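Structure record follows, encoded as structure tokens.
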Amino acid sequence: MTDTSTRQHREVRDGEPAGPDDGVLTVRDLRVTDTAGAEILKGISFDVAPGETVALIGESGSGKSMTAKALMGVLPAGLSASGDCRLGTQPLLRLGDRERRAVSGAMISLLLQDPFTILNPLTTVGTHLAESITAGGSPPGAAIADQVRERLEQVGLGEIEERYPFELSGGMRQRVALAAAIARDPAVLMADEPTTALDATSQRRLLQLLQQSQRARGMSLLLITHDLRVALSMSDRVLVMRHGEIVESGTAAQIGNDPAHSYTAQLLASEVPVRERLVQLRPVPRPALDPAPISDHPSRVSAKSGDLLRVTGLRKAYGGGRRSSVKQALQGVDLVVGEGRSVGIVGGSGSGKTTLARCVLGLVTADAGTIELTSDSEGSIDISDRSALTTTARGAATRAIQCVFQDPYASLNPSHTVGFTLAEAVGQRLRLAGTRGSRAEIADEVEALLDEVQLDLALASRQPGKLSGGQRQRVAIARALAMRPRLLVCDEPVAALDASVQLEILEVFRRTAERGISMLFITHDLAVARQVTQDLVVVCEGEVVERGSTEDVIDAPSHEYTRNLVAAVPTGKRSWLD
Amino acid sequence: MSTDVIVTVPSRRNRRWFSPLTLGCVLVTVVLAACALLGPWLNPFDPHTQDLLSPSRPPGDGHLLGTDALGRDILGRLIEGTQAALVGPVVVMVGGSALSITLGLAAGYFGGRVEAVIMRLVDLLYAAPALLVIIIFVGMVGGGYWGAVVMLIVLSAPAGTRMIRSAVLGQRHLPYVEAAESLGMSKPRIMAVHLLPNIMPTVVASALLEFVAALVGLSTLSFLGLGAPIGSPEWGRMLTENREFLELNPWGAIAPAILIVVAALSATVLGDAISSRLSRGKAE
């Protein structure tokens, strides 16, 4: 660990952001360029003082992860970093391999995002931690075993040394990774989206833990996150990044209450509140395509009556082969989606939300229970086992229920153009209906679909690889709408998108709902559920624990599990982590 | 939310997929294809006229690579033989790929019992030493060159099937496949229209590998006296016929050997280049 008394006093040069000039980590004019000379980081400067928490926020592609990677010396091949970055007296960008090993882990450490891939699946937790502690080379032994136990206790984990990563939950893995990252008491910890892959309750607990460990050690923390609310409640200072530059820096209070840069203000405005349903979702008003204002009264749309979908006693178990134990994903779920209603399904990871969606979509067949779909022509049919249906009934079910998936990067076929994908869906609907459309008819409809999700017509000839995440998700929605469905099943459709894009896509969903299409909206984010759903069903371990109107459930939760979920939504206030 | 900064802006060097090596291989392939297509009609060197008074002469005297035991022009015979040497491998490549694409897609997409049956069959064929089986079969039952080609198709498909199946497994559970399923599309359509284009890099790589294996395999069979009929100007055949006169005109045996190696190498390098080009296109 660096002796703080030997830390150099540095002169702050002109034009650089004023900060503590005796920072334990000083970054001056950090640039990252690729082989073609394009700059990914365009000369950023900041300091992190001892014991300080600095948050680096920005949307994807802003260069925040690159900053951490450059400082750790783990840039991807083809990228090179330049600038004057110091940790105490160590020049971080000019370390040789041997010096780098002495610094990494011991003085500066990096905690990564994905708890499912950061631990070696073949080593036990104990081995992993022992390795982190003894990286200097001291021999393993009883002393190490004690240390490992102590480190695990510090992150709130019991005796799990003998366990393998696959036996742990995401939150537990992230705690093990945290224990390993701070095992050698680094002066600076950089945490790159440490909670993004965790559900809301685990996120809050991990952030609390991160804050405690930091305070206990006087460690500096550079928290990299896309979530402004998390940044505001955790950090002393906030740096806002965009396109490889720091556009604004200030204390958390300044940034949160009085942002100076328009981009920061825009980011703040993009955060969806959990306590209210916004009248207007888009931060920037769009041209008056439909001048009808969106009422904030959520039940306005339910002009139609009757139930569209009725799920009764749905059960589904996975595994149960010779080698695996049975996991009950759904344990008797009842659910009703009224005609024209949008129903939210919320719950933590592993609660069975996605399994429910897949059962309704017919992608998996439930073990027991019924899924009744009311259709105009045939009355009510049980669609829980699609293979048992007649071809006509199966076609009708397919047309009636469509889906939008979470990952817009994988839900479109990368080999086909947007136009092909949409035309195929339109053609499929006509085929299922027993008719055939002319080329011109299909082309017209593709055009109408693109217009409906507000995409430029020119995008039809592009492949998904050339589109942004938001554009891809619009295409995915258009593809679902091409079937003219009566129920849209959405599985975390905005979870992979940046906040500002999230708003736009939520707006598309709202307009879809206004057209009378029912929705089953699966999300872990209560704030998102607040914006687009009327009814809410809370699931926990495959069972419904609470249901009611969205307002009632969020504002006055009756079940313990729901109360925890509501408390776990980041507020952007310091009190959130207390 | 994904926060990995995706490094776009591909540099100029990455965009160029014709490295000098690849370019050389394209050139070789074009020349060989031209020889195969036009050789029998536009051969500048007469491959058939015998000159029994000047057998097995070294290069010179109007014969760039010398003559064989019957005084026929070696270069002329090499050009003439290109078609015979390449037609078989091309047929094996097309047939073997069709077989392995069908089996690999079915095994990877359907899974379960279909997969078990296909893959055990593939394991069984994979265990058989291809060349030995063909030698025994063609030697005992007959069937000649085309019999060997058909057997090579069957026996080279297992390797491709395995590669394609594993590529399909990588795609099978991606949401775009589920999206196609929830649009109610037929399974053959999902396999042909949605999965196949996304495993093209693997398909191309496996096809070119089958080509190379067939080229070497068929040349070996001809060398051993099976396959191409005696007296026909086929590379493997020429190699074995001129081997006995190595001291008189070494080029008679060395030239066809070099051609076999060069053709096989070019196909491998080309397959590699196309396949990595295709997968880079996917990544962008």
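Here is how names work: the chains are called A, B, and so on, in the same order as the sequence lines, proteins then strands, and each is numbered from 1. Just so we're clear, the structure is a prediction, and the values are computed from it rather than from any experiment. Computed from heavy atoms alone, side chains included, the values below leave out hydrogens, waters and symmetry copies.
Interface remark: A:Leu412 contributes backbone atoms only to the contact with chain B (heavy atom separation under 4.5 Å). Contact of A:Arg399 with chain B is not made at all, since no heavy-atom distance falls under 4.5 Å.
Considering every non-hydrogen atom in both A:Arg479 and B:Ala179, the closest pair reads NH2-CB, 3.1 Å. Contact between B:Gly184 and A:Thr398 at its shortest, heavy atoms only, is N-CG2, 3.5 Å.
Using a distance-only test at 3.5 Å, with no hydrogens or angles considered, a donor-acceptor pair links the side chain of A:His416 to the main chain of B:Val193. A donor-acceptor pair under 3.5 Å links the side-chain atoms of A:Asn413 to the main chain of B:His194, judged by distance alone.
Between B:Tyr176 and A:Pro414, some side-chain heavy-atom pair lies under the 4.5 Å cut-off.
Between chain B and the residues A:Ala425, A:Cys403, A:Ser411, the most heavy-atom pairs under 4.5 angstrom are made by A:Ser411. With chain B as partner, the option from A:Asp227, A:Leu361, A:Thr421, A:Leu363 having the largest number of non-hydrogen pairs under 4.5 angstrom is A:Leu363. Among the candidates A:Glu424, A:Arg358, A:Arg394, the residue making the largest number of heavy-atom pairs closer than 4.5 Å to chain B is A:Glu424.
Counting heavy-atom neighbours within 6.0 Å of B:Tyr126 OH, excluding the residue itself, gives a total of 12 or less.
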Please test B:Leu183 against A:Arg429 for side chain to side chain contact (heavy atoms under 4.5 Å, CB included), starting from the C-alpha separation and ending with a verdict. CA-CA 8 Å; B:Leu183 286 174; A:Arg429 187 195 75 228; over 6 Å; no
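Rounded to the nearest 0.5 Å, atoms OG (B:Ser186) and CZ (A:Arg431) are 7.5 Å apart. A:Tyr409 OH to B:Leu174 CG: the interatomic distance, rounded to the nearest 0.5 Å, is 15.0 Å.
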